[in-house]
Amino acid sequence: MTLIQDLASRLSSAFETVLGESVAVTVVAAADLRFGDYQSNSAMALAKQRKTNPRALAEQVIAALDLGDLGTADIAGPGFINFKIAPQTFAARAKAQLADPRLGVPVTGEGRTVVVDFSAPNVAKPMHVGHIRSTILGDSLARIARCLGYGVITDNHIGDWGTQFGMITWAWKNCLDAQALEADPLQELLRLYRHASDSAKADETIREACRLELVKLQAGDDENLGIWHRCIELSRIGLDRIYDRLDVAFDHWLGESAYNEALAPLVERLLADGLARESEGAICIFSNGVPEDPAKDPFLIRKDGEWTDFPMMVRKSDGGFNYATTDIATLEFRRNEWKADAAWYVVDHRQSLHFQQLFAVAERIGLGDMDLRHIAFGTILGTDGKPLKTRSGDLPQLADVLDEAVAAAATAVAERSRLDTDEERAELAELIGISAVKFTELAHHRLSDYVFDLDKMLALQGDTAPYLQNSVVRCRSIFRKLDEEIDLAAVTPVLEQEAEIHLARYLARYGEIVPSILEDHRPNLLANYLLELARAYHSFYEACPVLKADTAVRNSRLVLCDLTAKVLVHGLSLLGIRCPERM
Ligand code: ARG
């Protein structure tokens with residue numbers, strides 16, 4: 001049980017004693033530590049409902065409250081209840097946490113199956129920095145959900161069946177560079193795509209030729225299918241290289257093409273059930289009836305001061321199917337085959353209307369009990385404050401962004417590292433560069449834009465991955481200087497100095513932070529917690545000598561050091577970040 005859970009259950013019993021019925025209460029970590037460690041505004045909320053005096057209610061509740069030896073409670077302002085935790089409680093918690101392989105993180109997701117749909121680049125189109133956010137966020141959310149006991153299924157729903165294949169097939173037949181393809185498949189496929197797309201824009205006959213290649217592919221032409229297969233295979237090789245570098249793995253790669261067979265019968269079913277209808281030759285899903293609030297109806301948009309239809313198209317007038325059709329089929333598959341209770345889509349905020357429509361359709365086809373979330377995110381900006389671009393004005397390639405970060409990390413490592421060999425330094429630069437990119441992503445609120453500034457991301461003194469990794473290395477280095485074996489599990493820490501208590505307070509919060517991330521799918525809560533923890537550690541380290549202290553005090557402080565290192569390593573691993581042995 002976390003401290004919040006323990007306090008909430010005691011507080012709820014006290015309210016029950018006073019009010020004669022059981023009520024829901026909330027306890028949160030205090031924003032301002034001068035008032036206590038935790039606080040509750042439940043007396044105010046409940047007094048308002050009952051039209052009684054909040055302060056009087058809070059006083060009665062405190063009189064009835066049994067905190068045991070957890071700590072003390074008092075009242076502030078109009079009826080806030082503040083809790084101060086006793087140092088011995090933090091000490092006992094630290095000891096228990098060190099003995100727990102989960103480091104105090106509760107299991108909250110047992111029995112729930114969630115599909116995390118993330119990354120999902122489009123084959124043969126560039127995997128750009130927009131996909132970087134999805135890949136890093138999605139991977140971290142999957143790790144966190146897994147740690148909390150959810151059954152997690154990660155699925156890379158790649159775009160492997162789109163109009164781009166008409167263009168690529170045409171370019172493949174006309175100007176493939178086989179050597180380049182061998183050396184860097186993603187790059188060559190991208191070149192083919194760009195070449196075809198530019199040529200088609202400039203030349204009507206090429207545009208038509210591309211369209212015909214697509215029609216042939218969709219009709220099952222052997223040669224075109226063969227080219228398509230090669231493209232998928234080669235992209236997979238190129239993508240795997242990137243995912244390896246990022247330490248990201250998927251349970252499944254069920255791209256759009258996996259659902260081809262399901263689309264025609266799906267549309268027939270939607271028609272038969274009256275959920276979709278014909279409109280100008282296409283089949284579409286419309287708003288159903290008169291919405292209470294048209295602004296909340298994803299099938300309507302406002303045009304010239306009036307609400308007009310904004311249907312979801314599931315079959316084009318030429319008989320082709322849409323992105324949306326595939327997403328409906330995919331959702332049904334995830335429910336029927338994987339028995340998913342939830343699906344989280346980690347996708348760019350620009351697709352928000354698409355997902356609102358998809359989730360509305362899910363209700364209509366009987367999947368309304370699923371927990372469906374569009375986990376949207378903002379844009380990565382360059383240091384000029386505009387969306388990140390290459391010098392030629394293109395969207396930067398993910399692999400290039402990683403290379404650039406690693407190159408900058410190599411410079412930083414050369415300046416400050418104590419490592420001996422070039423090989424070790426190169427390995428460290430790779431780890432630090434990629435960790436820096438990941439941490440910057442995860443430390444920001446996912447909906448806000450952020451600036452991609454390598455100097456800031458790599459700073460050893462800053463809100464960065466290297467700062468945290470270095471903190472771990474420093475925590476651990478104390479143990480290298482120790483010349484005896486100590487059984488830390490047997491030590492009950494004694495917390496006397498303010499800096500020790502403060503560190504223990506943050507350590508105890510770990511088990512509260514991790515589940516809270518999934519309330520709004522915000523790994524930045526964890527990233528920022530880890531920074532606070534590392535800062536608490538550094539203040540402690542400044543104020544409290546460890547190895548020079550008397551044996552009892554030393555051992556107590558060693559528990560804090562060991563636990564801090566473990567929580568930092570565990571927390572970073574949930575962000576998909578590893579720690580080097582040395583830096
Ligand atoms: N391939 C899409 C894109 O790059 C993202 C797919 C997201 N997942 C989904 N089930 N729609 O924009």
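In each ligand, atom 1 is the first atom listed, and ligand 1 is the first ligand listed. Residue indices begin at 1 and follow the sequence shown.
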Is the closest basic N to carboxylate O distance between D403 and R245 below 4.0 Å? yes
May I ask you to decide if the ring planes of Y345 and F359 are parallel, tilted or perpendicular, using 30° and 60° as cut-offs? tilted
In terms of the angle between their ring planes, are W253 and Y243 parallel, tilted or perpendicular, with boundaries placed at 30° and 60°? perpendicular
Does some side-chain heavy atom of W161 sit less than 4.5 Å from a side-chain heavy atom of Y259?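 Of all side-chain heavy-atom pairs linking W161 with Y259, none is under 4.5 Å.
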Write down, by chain and number, every protein residue that brings a non-hydrogen atom to less than 4.0 Å from an atom of ligand 1. D117, A120, N122, H131, H157, Y323, D327, Y345, V347, Q351, F355
Can you tell me if K173 has over 12 outside heavy atoms packed within less than 6.0 Å of its NZ? yes
Candidates S119, P185, P121 - the one meeting side-chain contact (heavy atoms from CB on, under 4.5 Å) with L239: P121
